[in-house]
Protein chains: 2
Amino acid sequence: MMKLLTRDTDYAVRALIFIGKEAKRENRMVTVDEIVRALKLPRALLRKLLQALSKSKILNSGKGKRGGFSLSKDPRKINISDIITIFQGPVDFTNCLLRNAPCPNRKICRVRKKILSLSRYVDSELKKITLASLT
Amino acid sequence: MMKLLTRDTDYAVRALIFIGKEAKRENRMVTVDEIVRALKLPRALLRKLLQALSKSKILNSGKGKRGGFSLSKDPRKINISDIITIFQGPVDFTNCLLRNAPCPNRKICRVRKKILSLSRYVDSELKKITLASLT
DNA sequence: TTATAATGATACTAAAATAGTATCATTAAA
DNA sequence: TTTAATGATACTATTTTAGTATCATTATAA
Ligand code: FES
Ligand code: FES
C-alpha cells in the first residue's frame with residue numbers, strides 16, 4: 001500500500017502530540033516510559049525516534065534523574081512536513097530515474113512537471129498541519 | 001527519497017505514451033523490442049509491465065508474428081491514477097498502524113482526517129493527468 | 001506445415017527501504 | 001554514590017522494490 005507517512009513519522013507525530021499536551025498541563029519533562037505507557041509504542045524504537053527529534057531541535061532533552069523531553073518551540077511552529085523531512089527526507093515526489101541515473105527527459109517531461117506541482121501542493125498543505133492544529 | 005510513482009509505474013507511463021504516439025501514426029501493434037529501442041528500458045522488465053497492463057485491460061495484445069500491443073481505449077480515458085493502482089495499489093495515504101494492527105484511534109484521529117482529505121485531492125489530480133494530456 | 005516472431009505465465013534472485021532491538025556511555029538529581 | 005534518565009551506535013529482521021530468466025502458447029508467412 002502507498003503511504004505518505006512511514007511508521008517512524010507516524011509514531012513521532014503521536015509522541016509529539018502527547019508531549020505537547022503533558023507539557024502544557026504541567027510544564028515539565030516527559031519521559032520515554034510515560035509515552036510508552038500512554039501510547040503503547042515499542043520502547044526501543046520510541047527512544048530512537050525521540051533522539052532524532054532532539055538532534056533536529058524539535059525537542060529539548062534533559063539527561064539524568066528528572067530528565068526527559070519537552071517541545072523546543074511553539075506547537076504552532078511544528079508541522080508535519082518538518083517531521084516527514086526528518087524521518088523520510090523532504091516531501092518531493094519527482095524522482096524519475098533510468099537504471100539509477102537521472103532520466104534524460106527531465107527538463108522537458110510533462111509528467112514530471114505535473115508531479116512537481118502536485119508535490120509542492122502537498123508539501124504546502126502538510127506545512128499547514130501543525131502540532132497545535134492537532135491538539 | 002519519497003516517491004509517488006515507483007519505477008514500474010514510471011516506466012509503464014513512458015511506454016504507454018510511446019505506444020499511443022505510434023498507434024496514432026500508423027494504426028498497428030507496437031512490439032516490446034521497438035519500445036526498448038526507443039526508450040532504452042530493460043527488456044525483461046518491460047515485458048512484465050506490459051503484460052500487467054494487458055491483463056488490466058489498458059492494452060490490447062496480439063500474439064505471434066505481427067503481434068504486439070496497442071491502447072485498448074481512448075488516451076483521454078487512461079490516467080495516471082489508474083496506472084498507479086495497477087502497480088502500487090490505490091492512491092490512499094491513510095495507513096495508520098500500530099504493530100501491524102489498525103490503530104485504535106482511527107475513527108477520531110485528526111491527523112488521519114487531514115491526510116485522508118489530502119490523499120483524495122491527490123488522487124483526483126492524478127485522475128486529471130491523462131495519457132492524452134501527456135502526448 | 002513448419003519455422004519464426006511475437007506475447008502469456010510464472011518462478012526466481014538481488015537490492016534497498018522500512019521496521020525494530022540491544023547495549024554501552026554519559027549525565028543530573030536525590 | 002546510586003539511580004534514573006537520555007546519547008550514540010551497531011545490529012538483525014521483514015517487506016517492498018527492482019530486475020532476470022525460462023518455458024508455454026499462438027498467429028503469421030514462407
Ligand atoms: S520520463 Fe523521466 S522525467 Fe519524465
Ligand atoms: S494515530 Fe492512528 S489513525 Fe491517527
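Since the model is a prediction, treat every value here as computed from it, not as a measurement.
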To the nearest Å, how far apart are [X] [atom1] and [N] [atom2]?
X: A:Glu34; N: D:dA4; atom1: CD; atom2: C1'; value: 13 Å
X: B:Arg99; N: C:dA19; atom1: CZ; atom2: C1'; value: 11 Å
X: B:Gln51; N: D:dT20; atom1: CD; atom2: P; value: 15 Å
X: B:Lys63; N: C:dA9; atom1: NZ; atom2: P; value: 7 Å
X: A:Phe69; N: D:dA5; atom1: CZ; atom2: P; value: 12 Å
X: A:Arg28; N: D:dA5; atom1: CZ; atom2: C1'; value: 14 Å
X: A:Leu46; N: D:dA5; atom1: CG; atom2: P; value: 14 Å
X: B:Arg43; N: D:dG19; atom1: CZ; atom2: P; value: 17 Å

N or O in side chain of [X] less than 4.0 angstrom from [N] OP1/OP2:
X: B:Arg66; N: C:dA6; value: no
X: B:Ser61; N: C:dG8; value: yes
X: A:Lys3; N: C:dA19; value: yes
X: A:Ser54; N: D:dT6; value: no
X: B:Arg7; N: D:dG19; value: yes

> Take atom CZ in B:Arg120; do more than 12 heavy atoms of anything else shown fall under 6.0 Å from it?
Replying inline: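 Counting other residues, nucleotides and ligands, CZ of B:Arg120 stays at 12 neighbours or fewer.
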
> Crowded around B:Lys73 NZ? As in, over 12 foreign heavy atoms under 6.0 Å?
Replying inline: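 Counting neighbours around NZ of B:Lys73, more than 12 heavy atoms of other residues, nucleotides or ligands fall under 6.0 Å, so yes.
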
> Does a side chain donor of either B:Arg7 or A:Asn100 reach within less than 3.5 Å of an acceptor in the other side chain?
Replying inline: yes

> Of the nucleotides D:dA8, C:dG20, D:dG19, which one has an atom closest to the side chain of B:Lys48?
Replying inline: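 Selected nucleotide (nearest to the side chain): D:dG19.
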
>> I want to verify a distance call: between C:dT21, C:dA19, D:dT6, whose nearest atom is closest to the A:Ala44 side chain?
In response: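 The nucleotide sitting nearest to the side chain is C:dT21.
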
>> On DNA chain D, compare the nucleotides closest to B:Pro42 and B:Gln88; which residue's is nearer the 5' end?
In response: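 The residue whose closest nucleotide sits nearer the 5' end is B:Gln88.
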
> Which comes earlier along DNA chain C counting from the 5' end, the contact point of A:Leu45 or that of A:Lys65, where each point is its nearest nucleotide?
Replying inline: A:Leu45

> When you match A:Asp8 and A:Gly62 each to their closest nucleotide on DNA chain C, which lands nearer the 5' end?
Replying inline: A:Asp8

>> Please classify the nucleic acid contact of B:Lys55 as base, sugar-phosphate, or nothing, using heavy-atom distances under 4.0 Å.
In response: sugar-phosphate

> Is the shortest side-chain N to carboxylate O distance from A:Glu125 to B:Lys114 below 4.0 Å?
Replying inline: no

> Does the pair B:Lys127 and B:Asp123 meet the rule for a salt bridge (charged side-chain N to carboxylate O under 4.0 Å, His left out), with working shown?
Replying inline: CA-CA 6 Å; B:Lys127 284 201 201 311; B:Asp123 194 35; 3.4 Å; yes

